[in-house]
Each structure stands twice: as structure tokens, then as C-alpha cells.
There are 2 protein chains.
Amino acid sequence: MAAKSEQTRQLVADVALKMFREIGFEKTTMRAIAQEAGVSVGNAYYYFASKDELVQELYIQVQDEHAVVAAEALEGVQDLAGRLKAVLHTGVDVMNPYHQFGSDFIATAIRPTSPVNPFGEASTAAREASLAIFRSAVEGSSPAVAKKLRGDLPELLWLMYMGVALFWVYDTSEGQRRTRKLIDGAAPLVARGLSLAKIPGVSKVFDDVLGLVRNVKADS
Amino acid sequence: MAAKSEQTRQLVADVALKMFREIGFEKTTMRAIAQEAGVSVGNAYYYFASKDELVQELYIQVQDEHAVVAAEALEGVQDLAGRLKAVLHTGVDVMNPYHQFGSDFIATAIRPTSPVNPFGEASTAAREASLAIFRSAVEGSSPAVAKKLRGDLPELLWLMYMGVALFWVYDTSEGQRRTRKLIDGAAPLVARGLSLAKIPGVSKVFDDVLGLVRNVKADS
DNA sequence: GGAAAGTTTTGAACGTGTTCAACAATGAGT
DNA sequence: ACTCATTGTTGAACACGTTCAAAACTTTCC
């Protein structure tokens with residue numbers, strides 16, 4: 001049966017993630033992972049084509065957890081600011097055990113060739129899952145978001161999340177206090193900013209922003 | 001004399017940058033650089049403590065060139081949108097020869113430990129130089145930017161430039177057409193967006209954005 | 001001119017991620 | 001039970017970035 005195979009794969013992944021958390025990315029060598037897991041180096045490579053793919057494993061796991069805890073945190077929260085806060089805070093929560101590892105993760109993720117690249121093909125599923133969280137945050141909010149914004153907003157908020165994650169990586173304040181402060185400040189501001197869309201003069205600018213986003217996106 | 005030493009240093013740097021441009025970051029191995037330059041590997045390391053430092057050399061050179069061509073492009077341009085366009089377009093221009101290398105550069109730059117990290121200490125000078133370009137773009141514009149924005153705007157625009165650079169890295173359209181389109185669309189929008197600061201309801205949101213930025217920045 | 005001190009250069013060696021030919025274990029078909 | 005193809009596993013080997021003791025060269029000082 002395939003169980004034995006899957007067992008080895010899981011073992012390697014588990015050991016790797018544990019080591020990432022406990023001793024960091026660079027010190028977690030493929031040899032060390034193999035030794036700790038009691039397999040050969042080549043065997044680890046049979047399941048994961050590269051160290052990057054182990055990082056992808058982590059990425060997927062973290063995203064999955066984010067989906068779960070974000071859904072919980074969204075319950076009963078109505079206003080957009082609160083919902084955005086919930087999603088961003090839980091996003092930081094799930095990344096938390098890997099903070100020291102953050103910059104290595106991002107350095108890995110940012111390569112277009114990396115399987116972890118959030119804009120790339122290999123992580124389409126993970127990105128869609130993450131986008132879905134933001135979509136639900138937008139759609140479930142009341143008062144409802146202006147209709148013309150509703151379509152693109154989740155993607156823009158996801159982009160904001162990427163920005164927050166980047167900020168978090170560099171945030172060395174204890175417990176990443178500054179990131180929390182940023183989220184608490186930015187979320188209500190986004191909500192308030194969006195409510196300005198009703199003002200005639202502002203509305204046109206919003207339209208143009210959306211137009212630009214669509215235009216640039218379309219021309220791929 | 002120190003000339004001989006400086007000569008070797010320059011030789012290594014020149015060969016490295018040429019190879020970065022022509023065959024990319026990964027294929028440009030330290031051994032290849034050394035061989036091409038006719039020195040030993042160890043000798044290259046005598047002048048550059050790491051491959052990253054060679055990337056920093058490139059970064060500085062590109063920034064220097066940006067300062068020059070941006071200053072030229074700013075001449076005679078009055079409106080903020082035009083000035084912002086000028087700075088961003090020239091920014092992309094100077095990076096252009098290194099496009100295929102872009103993602104490796106960013107992956108290098110993004111590590112907090114890297115000398116090239118644009119937020120880090122080792123590149124304070126380069127960042128200041130880059131910031132100065134945006135400061136001059138803001139200060140030289142007429143009609144003048146609202147006073148309360150003038151202080152923080154250069155830094156925010158510099159951040160926008162980082163975003164554009166990131167976009168550019170992933171932009172595989174021919175000649176990075178999409179990045180140009182993004183700049184042409186976003187620059188006027190930023191200018192128009194800023195002009196909304198006069199509207200009472202909007203003004204408060206702007207104040208809060210600035211307040212948040214300062215607050216998060218202060219708490220380092 | 002020659003010794004001492006400083007600077008520059010060398011290349012072998014280390015640990016890393018990754019590859020791969022060979023071997024072992026498993027499972028399917030008869 | 002016996003093939004034999006598939007799947008899983010091994011460890012030596014490769015190229016890479018990096019280090020470092022030693023050698024070669026330059027400068028300084030008498």
C-alpha cells in the first residue's frame with residue numbers, strides 16, 4: 001500500500017518543519033533533516049525535489065491553518081474594519097512560530113522559479129485559498145462594501161496582507177508589537193477610506209484606480 | 001601605492017557586473033568571476049566579503065545612475081504627476097539591463113542580513129540617495145504639494161517605487177510594457193488622490209494615515 | 001641594501017544543496 | 001512460487017559559496 005511511502009514523506013516534512021521552527025532555516029540542512037528523520041539524504045529528495053519544496057509544505061500548512069482560525073475569528077464580526085483586522089491578525093498568528101525564519105521564507109518565496117512564490121503557478125491553490133479568506137471577509141461585511149469595489153477588493157486586501165507580512169518579517173519589536181499596531185491602525189483606515197467612495201470627486205479617482213488595476217492585470 | 005589594489009577591486013567588480021548582466025546571477029559563480037578576471041577566488045573575497053557584496057556594488061552603481069538621469073528628466077517638468085513619472089520611469093530604465101537578474105537581486109536584498117537590504121544599515125547611504133530623488137521630485141513640483149503631506153510623501157513615494165520595482169521584476173511582458181503602463185497610470189492617480197486632501201471628509205482620513213505612518217515608524 | 005611590517009594573492013579545504021547510478025523492497029500477473 | 005516492473009532507498013559525487021593558513025609581493029625604516 002501507499003501508506004508506507006506517505007509515512008516517510010510525512011516524517012521528512014514533520015522533521016523539517018520542526019527544525020525550521022526550532023533552529024531556523026539555514027541550520028536546518030538537508031543532511032540534518034535526513035539524519036533526524038533516520039533516512040538518507042537522497043530519500044528526502046525522492047519526496048521533495050528541493051529544500052524549497054519543504055518550505056512550500058510549510059506555506060501550505062500555514063495557509064490551511066489561517067483559513068480555519070480566520071473563519072472562527074470572523075464569526076459575529078460585522079463591520080469591514082473588524083473583519084479585516086480579524087483576518088490580518090490571525091494571519092500573523094499562524095506565521096508567528098516561524099518569525100525568525102520569515103526572511104528566509106520570503107527570500108525563497110520571492111523567486112519566480114520557486115514553488116512557493118505566491119504569484120506563481122505552483123502555489124495557485126494556496127493563493128486561491130488565501131484569497132477566499134479575504135473574499136469572505138468582504139462579502140460577509142455589513143454595511144456592505146460598494147458594489148463596484150466588491151469584485152477587486154479581496155485581491156487588493158490580499159496584496160495588503162502581503163505587505164503586512166513583509167512588514168512583519170522585519171518587525172523585531174517584542175512579539176511583533178508594531179505589526180499589530182499597524183494592523184489595528186490600517187484596517188479601520190481602509191474601511192473609512194472605502195466609505196469615501198460615495199463622495200463625487202473621490203468616486204472618480206476610485207474608478208480610475210480600479211480601471212488601472214484591471215488594465216494592468218488584463219495585459220498579461 | 002593604493003592604485004594597484006583599487007585596480008584589482010575594480011576589475012573584479014566590473015567583471016562581476018558584466019557577467020551578471022550577460023549570463024545572470026546564478027551562472028556567475030565566484031570561480032567564474034575569478035577566472036574571467038584572472039585572479040584567484042580568494043583574492044576576489046579579499047575585496048568582497050561575499051557574493052552579496054558584489055550585488056551591493058551593482059545596487060550602488062544603479063542608484064548613482066538613477067540620481068543622474070532622474071535629475072535630467074525632472075528638468076522643466078512642473079506637475080507632480082509628471083515628476084513622479086519621470087523618477088519612476090528613469091528608475092526602471094537604469095534597472096533594465098539587469099531585468100533577468102531582478103528576482104535574484106530582490107531575493108538577496110530582502111534578507112535583513114544582506115548588505116543590499118534597502119531597509120538595512122549597510123545601504124543607508126544608497127537609500128538616502130534614492131530618497132533624495134523623491135524629495136526633489138516632491139519639493140520641485142508646482143502646484144505645491146499640501147504642506148502637511150510634504151514631509152512624509154517622499155518616503156511614501158519611495159515605498160511606491162519599491163512596489164513598482166517588485167512589479168517590474170515579475171513583469172515578463174516585452175520591454176516590461178506593463179510596468180510602464182502601471183507607472184503612467186499610477187503617477188497621475190497619486191497626484192489626483194493627493195489633491196483630494198482638501199476635501200473636508202477626506203482630509204481627516206489623510207491625517208489618520210499620516211498619523212499611523214508616524215506612529216508605526218516612531219516605535220522602532 | 002636589507003630586515004621587518006604590512007598588504008595582496010593563492011589554492012586547497014569545508015559544508016552546503018542537489019544529482020544519480022546502483023541497489024533493495026514491494027506488488028501484480030501468471 | 002516466481003518473474004519483473006514499479007516504487008523506494010542509499011551514499012558517493014558534483015558544483016557552489018566561503019574560509020584560511022601560507023606564500024608572494026610592497027612598503028617602511030634604519
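Letters A, B, ... mirror the listed sequences (proteins, then strands); counts begin at 1.
Geometrically, A/Lys51 does not engage A/Tyr45 in a cation-pi contact defined by less than 6.0 Å to the ring centre and at most 45° from the axis.
The separation between A/Lys51 atom NZ and D/dC16 atom P is 19 Å, rounded to whole Å. Atom C1' of nucleotide C/dG17 and atom CZ of A/Phe20 are separated by 12 Å, given to the nearest angstrom. Distance, A/Arg111 CZ to C/dG17 P: 14 Å, rounded to whole Å. If you measure from atom CE of B/Met30 to atom P of C/dG11, you get 16 Å, rounded to the nearest angstrom. A/Glu26 places its CD atom 16 Å from the P atom of C/dG15, with the value rounded to the nearest Å. To the nearest angstrom, P of D/dG17 lies 11 Å from CE of B/Met19. Atom CZ in B/Arg9 sits about 16 Å away from atom C1' in C/dT7, given to the nearest Å. Across the protein-nucleic acid pair, B/Gln7 atom CD and D/dC25 atom P stand 17 Å apart, rounded to whole Å.
At a non-hydrogen distance threshold of 4.0 Å, B/Arg31, B/Val41, B/Gly42, B/Tyr45 from residues 31-46 of chain B come into contact with DNA chain D.
Within 6.0 Å of the CD atom in B/Gln100, the count of heavy atoms belonging to other residues, nucleotides or ligands exceeds 12.
Aromatic ring pairs are classed by plane angle as parallel below 30°, tilted from 30° to 60° and perpendicular above 60°; the pair B/His99 and B/Trp168 is perpendicular.
A/Thr8 has no side-chain polar atom (N or O) that falls below the 4.0 Å cut-off from OP1 or OP2 of D/dG8.
Note on B/Tyr47: only backbone sugar-phosphate atoms sit closer than 4.0 angstrom, heavy atoms only; bases stay farther off.
At least one donor-acceptor pair under 3.5 Å links the side chain of B/Ser40 to the backbone N or O of B/Asn43.
Ion pairing between a basic and an acidic side chain is recognised when a charged N comes within 4.0 Å of a carboxylate O; B/Glu155 and B/Arg135 show no such pairing.
For the 3.5 Å distance criterion, the side chains of A/Ser130 and A/His66 fail to qualify, holding no donor opposite an acceptor.
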